[in-house]
Student: 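Okay, handing you the structure first.
Worth saying up front: this structure is predicted, and the values here are computed from it rather than measured.
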Amino acid sequence: MIIIRKSLVSVLIILSVALVSLVWFRDGCMFVGTDLVFPSDRLNIFLETFTIWDSRSLGALNPRMLAWSFPNGAFLGISEIIGLSLEYAERLWFYLLFAFSGLSMYVLSTVVAKNKVKPYHAVGVIAALFYMFNPFFALGVSHWPYLWLTYASLPLMLGLFIKGLNEQRGLKYIFIINLVWLFLSAGQFVNPKYAIIVWVPLLLYLAFHLIVNREKAVFIYSCKFFLLLLVLWILLNSYWLLPNMLYIFQSISVTGDLYLAIGRTRLADFALNSAPLPEAMRLVGSWVLDSGFRGYPYVYWAQIYRSSLFILIGYLIPAIAFFPVIFKKGKNVLFFSLFLLGALVLMSGSQPPFGPLNLFLTHIPLMLEVFNLPNILFGIYSVVAYAVLFGLGTIMFTYYVGKKLPLRLPQKLRVGLKYVFAGTVIFLVIGLYGFPLWTGAVAYPGNALLSSSNYQIPNYYHEASLWLSSDKEEGDFRIFPVPYSKAGYVAYVWPSGGYQGPDLTESLLGKPLIAEPINGNLSLSIATSIVSNSTDNVAHILAFMNVKYIVLHNDVNWKLIDNYNEQIMYSYIAATQKNLTNTLNSMAGFSYCRSFGQLDFYLNNYWTPMKVYATSNAIYCEDSEHLPEISELNQFTPHEVVILPNNQFNIEQTLHLPTNSSISDLDLLSNKTTPVLLTYEKLNPTLYNIEVDTSKPFFLVFSDSYDEGWVATVDGHKLSDKYHFNANGFANGWYINKTGTYTIVLEFQPQKLFYTGSAISLTTILICTLYLGRNKIKKQLEKSSLKKAIL
């Protein structure tokens, strides 16, 4: 009972202290940190995590999003369903993650300290507070929040693993570990490499455990425990793991394309994010802390960590952390000491003295791909080890000091001095050294060029969204933004200090936005044409891409654009605001439509609904690069034709159609043909139901990015792959040689991998639940039979 009471008190302390996260927000503001933003269309985002096709922009295969369903997506969806405002939902999410990180570390540290140090609950609270309040994590709040879930969940997973291995827990325990893992941290595996980052400490501990326990029985049980944990993890996570494994190379290539778009390499990232060893030991080794832009620092609170006092406090951390090694408090202390040393060495990356060794290690397959940010990723390992050892070291050193006090001092004074010492250490390391998290300094205040971490979404986005959604009949269209961001990162002069981060326009307006780096050179060439006003074919090309409006963001931070040209991340294809406005007002095929605050909408006069359309007219060209050239012709409107590049194969011979390869030969287009009547329903991003009424064969065009996974089924019969083409330079096209009234189903077949994986995951949960509950069910049946026998 006393143990339970102490545990509850410890948990309440952590939950109460976590409320500090609320000071990171300004009233009425959201919080942005590099790659992580809180979307406004929360429920829709959650529902789309169950599809393997990403319907944003022009559409793309994206199995990575499946893992985001739990807990991230579920929280978003539930928060919107219950009516929690966007602002308070984000604050609650920050609080939960912050508190979870402390509770997670509390579990790990108490598992290590139990039966070794008394009071072990105090060890857990100190370790938890250290894990929550340190400069490494203070930087992470705004600079790597995409890793929060890994940071928060890793200690819990490691703690449960150590407990299960040492106490020889059975299948029930393994199943519980996996359920906790699944529902509390699987969302981090939207990038599959983070699964590796979580498994590495577990593997290292297993190896250490087998080395220090050489009994045959221990070896057999430990291997069985680990293998069963791994197999069950794979089965429970099959819903996202199966699609990702089969498309692993596509996932890697997407990341590679992003790096190419922003002009970076993995090795450059590795070098930039290497921490000098002395700085790594103090948890302040990030290059960001000493860098800035045009005289403005990236981190305003960084310089104080170069002061003598903070340097001394920083080195106090390893001094206290390695103190338990002196007293040889068990194998777990030895493991975390070795784990910390290894992590510090790897954090240094290309920095001396271990630079040559670490650079050699990057040649190991996948090493550079997974651990390209050594200071951040190995830094997480360092803080995990530091927290455990610091919690142990503080308590042990306090008792050591108490024993060294003169015996002639009164007992109460000795105890008082002992606690004063402990309180001083905790105040210096957790309170003072972690001050940015206590004071809210983790939120960047902003300046004349760089935006604040806190931002407000202008109301005119909501007004524009209502207007765009009011057209129910023709609502399935896209938007093209200008000025155009090369990497999808934007800077706006929004209230409360502006906004810098991933573009929120698609989420705010509720319409797909053509954005980089998903869509390659075609989007970039269009943006360049708009800026230079060099061609008259932009309206035609955008019509093929189902773009109804160009939106001009007058709220872009033009001053930052002018000053940030050398920085690829926030680089735009842009002219001056005045020139862009003049260009759009004079560009052929566009007309000014509406304005909402700082947003100007220009209507594409060539647009008609072209998400799904049918035509019997085709223009054949050599390859998709001729799309701009063809679009300059004015003898046709986009929805009446399909452009088919025949460099894929000889389309004319495949379809047995008359050749029409010449761009200028438009005889086929001059013939008036009976239109194909077509209506469609989007059941989900991977499934469309199309009703057709036609008197002749035709081409069906689906204006999402071409992918072989899209399959057309005509009245239940799958259309041959030879009739599936890359149409209009990017889209999916099919030749349908069937007349009459019938139904066509467009389906992205890789989605079945998700359904198969989900079935495996759910079946595993069901079987394990029934297996573990069999004894209880058996007892209930025996009890029921006994009652009947008595009666």
Student: Are F421 and F397 close enough that their ring centres sit under 6.0 Å apart?
Tutor: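 Yes, close enough.
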Student: State, yes or no, whether a side-chain contact exists between P155 and V384 at a heavy-atom distance under 4.5 Å.
Tutor: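 Yes; the side chains approach each other to less than 4.5 Å.
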Student: So that I know where these two stand, are W148 and F137 an aromatic pair - ring centroids less than 6.0 Å apart?
Tutor: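 Between F137 and W148, which both carry aromatic rings, the centre distance is below 6.0 Å.
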Student: Do the ring centers of F339 and F378 come within less than 6.0 Å of each other?
Tutor: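 No: the rings miss the under 6.0 Å criterion.
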Student: So which of F94, W93, Y455 actually passes ring-ring contact (aromatic ring centres under 6.0 Å, His included) with F31?
Tutor: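 Of all the options given, the one that passes is F94.
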Student: Can you check whether Y499's main-chain N or O pairs, donor with acceptor, with S451's side chain at less than 3.5 Å?
Tutor: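 Judged by distance alone, yes, a pair lies under 3.5 Å.
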Student: For V198, check side chain to side chain contact (heavy atoms under 4.5 Å, CB included) against everything at least two apart and list the hits.
Tutor: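 With neighbours one apart ignored, the set is T150, L154, M157, W181, F189.
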Student: For F208, does the CZ atom sit with more than 12 other heavy atoms under 6.0 Å from it, leaving out its own atoms?
Tutor: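 Above 12, so yes.
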Student: Under the criterion side chain to side chain contact (heavy atoms under 4.5 Å, CB included), which of V125, I126, L432 is the partner of I426?
Tutor: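 Option passing the side chain to side chain contact (heavy atoms under 4.5 Å, CB included) with I426: I126.
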Student: Do side-chain atoms of W24 reach the backbone of L437 as a donor and acceptor pair under 3.5 angstrom?
Tutor: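 Side chain of W24 to backbone of L437: a pair is present.
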Student: Under a 4.5 Å cut-off applied to non-hydrogen side-chain atoms, are S185 and Y194 in contact?
Tutor: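 With C-beta onward as the side chain, the pair stays apart.
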Student: side-chain contact (heavy atoms from CB on, under 4.5 Å), that's the test. Do V111 and N166 meet it? Break it down for me.
Tutor: CA-CA 10 Å; V111 166; N166 289 328; 5.8 Å; no
Student: Please check: side-chain N/O of S382 versus main-chain N/O of L340, any donor-acceptor pairing under 3.5 Å?
Tutor: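 Such a contact is absent between S382 side chain and L340 backbone.
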Student: So how far is it from H143 NE2 to I376 CD1, rounded to the nearest 0.5 Å?
Tutor: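 Between H143 NE2 and I376 CD1, I get 9.5 Å after rounding to 0.5 Å.
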Student: Measure from the side-chain N and O atoms of R42 to the backbone N and O of A89, and report whether any donor-acceptor pair falls under 3.5 Å.
Tutor: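 No, R42 side chain to A89 backbone: no donor-acceptor pair under 3.5 Å.
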Student: I'd like to know if the side chain of W240 and the backbone of G187 have a donor-acceptor N/O pair within less than 3.5 Å.
Tutor: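 No: the side chain of W240 does not pair with the backbone of G187.
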Student: Less than 4.5 Å apart, any side-chain heavy atom of N372 and any of K193?
Tutor: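 With C-beta onward as the side chain, the pair touches.
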Student: Check for a donor-acceptor pair, side chain of T49 on one end and backbone N or O of F46 on the other, with a separation under 3.5 Å.
Tutor: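 Answer holds: yes.
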Student: Any side-chain heavy-atom pair from L184 and S153 closer than 4.5 angstrom?
Tutor: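 A side-chain contact under 4.5 Å is absent here.
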Student: Do E279 and L289 have side chains that approach each other closer than 4.5 Å (heavy atoms only, starting at C-beta)?
Tutor: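 With C-beta onward as the side chain, the pair stays apart.
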Student: Does Y88, at its OH atom, have more than 12 non-hydrogen atoms belonging to other residues, nucleotides or ligands within less than 6.0 Å?
Tutor: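 Counting neighbours around OH of Y88, 12 or fewer heavy atoms of other residues, nucleotides or ligands fall under 6.0 Å, so no.
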Student: Find out whether I177 and W233 are in side-chain contact, i.e. whether some heavy atom of one side chain is under 4.5 Å from a heavy atom of the other.
Tutor: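 Sidechains of W233 and I177: no contact.
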Student: Could you report the tightest heavy-atom contact between N358 and G349, atom names first, then the distance?
Tutor: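 Here N358 and G349 meet closest at ND2-O, 2.9 Å.
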Student: Go through the steps for L147 and L377 under the test side-chain contact (heavy atoms from CB on, under 4.5 Å), then give the verdict.
Tutor: CA-CA 9 Å; L147 272 168; L377 300 176; 3.7 Å; yes
Student: Nearest heavy-atom pair of I14 and A128: which atoms, and what distance?
Tutor: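 In this case the closest contact between I14 and A128 is CD1-CB, 3.7 Å.
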Student: Is there a donor-acceptor contact under 3.5 Å linking the side chains of Y300 and N447?
Tutor: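 Result is yes, a qualifying pair exists.
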Student: Is a side-chain donor or acceptor of S453 paired with a backbone partner of A443 at a separation under 3.5 angstrom?
Tutor: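 Looks like no, no N/O pair under 3.5 Å.
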Student: At what distance, to the nearest 0.5 angstrom, does CD of Q303 lie from CG of D290?
Tutor: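 It is 6.5 Å, given to the nearest 0.5 Å.
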Student: Assess the residue pair R282 and I313 against the criterion (side-chain contact (heavy atoms from CB on, under 4.5 Å)); give the C-alpha distance rounded to whole Å, side-chain angles, the decisive distance to 0.1 Å, and a yes or no.
Tutor: CA-CA 8 Å; R282 298 195 300 121; I313 297 174; over 6 Å; no
Student: Nearest 0.5 angstrom please: L76 CG to W68 CH2, how far?
Tutor: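 Answer for the CG-CH2 pair, L76 versus W68, is 4.5 Å.
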Student: Checking side-chain contact (heavy atoms from CB on, under 4.5 Å) for the pair I174/R169: CA distance, chi angles, key distance, verdict?
Tutor: CA-CA 8 Å; I174 294 173; R169 300 295 187 107; over 6 Å; no
Student: Can you name the side chain to side chain contact (heavy atoms under 4.5 Å, CB included) partners of E87, sequence neighbours left out?
Tutor: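 In terms of side chain to side chain contact (heavy atoms under 4.5 Å, CB included), with neighbours along the sequence ignored, E87 is linked to M30, S85, R91.
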Student: Looking only at heavy atoms, which two atoms of L236 and L182 are closest? And how far apart?
Tutor: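 Scanning both residues, the minimum pair turns out to be O-CD1, 3.9 Å.
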Student: Could you measure the distance from the CZ atom of R306 to the CD1 atom of I304? Nearest 0.5 Å is fine.
Tutor: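 Separation between the atoms: 12.0 Å.
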Student: When you look at OH of Y419, are more than 12 heavy atoms from neighbouring residues, nucleotides or ligands closer to it than 6.0 Å?
Tutor: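 Incorrect, the count does not exceed 12.
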Student: Would the W199 and F226 ring centres measure less than 6.0 Å apart?
Tutor: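 Yes, the ring of W199 comes within the 6.0 Å limit of the ring of F226, centre to centre.
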Student: Backbone N or O of Y131 within a donor-acceptor pair of the Y151 side chain at under 3.5 Å?
Tutor: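 Indeed, once roles are kept as given, a pair shorter than 3.5 Å links the two residues.
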Student: Any idea which heavy atoms bring V425 and F390 closest together, and the distance?
Tutor: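 Distance-wise, the nearest heavy atoms are CG1-CZ, 3.8 Å.
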Student: I want to check something: taking the side chain as every heavy atom from C-beta on, are Q500 and V32 in contact at a cut-off of under 4.5 Å?
Tutor: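 No, side chains not in contact.
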Student: Rounded to the nearest 0.5 Å, how far apart are CD1 of I311 and CG of L316?
Tutor: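 The CG atom of L316 is 14.0 Å from CD1 of I311, to the nearest 0.5 Å.
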Student: Between F136 and Y386, is the ring centre distance below 6.0 Å?
Tutor: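 Centroid separation for F136 and Y386: 6.0 Å or greater.
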Student: What pair of heavy atoms forms the shortest contact from P119 to I395, and how long is it?
Tutor: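 Nearest heavy atoms, P119 then I395: CD-CG2, 4.4 Å.
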Student: If you define the side chain from C-beta out and look only at heavy atoms, does anything of F270 sit under 4.5 Å from F371?
Tutor: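 No; the side chains remain at least 4.5 Å from each other.
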Student: For the pair Y173 (side chain) and L165 (backbone), establish whether a donor and an acceptor sit closer than 3.5 Å, ignoring hydrogens and angles.
Tutor: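 No; zero donor-acceptor contacts below 3.5 Å.
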Student: Is a side-chain donor or acceptor of S104 paired with a backbone partner of A152 at a separation under 3.5 angstrom?
Tutor: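 Yes; at least one donor-acceptor contact below 3.5 Å.
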Student: To the nearest 0.5 Å, what is the distance between OH (Y305) and OG (S307)?
Tutor: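 OG of S307 is found 9.5 Å from OH of Y305.
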Student: On a heavy-atom basis, which atom in V17 and which in F133 lie closest, and how many Å separate them?
Tutor: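 That closest heavy-atom pairing would be CG1-CE1, 3.3 Å.
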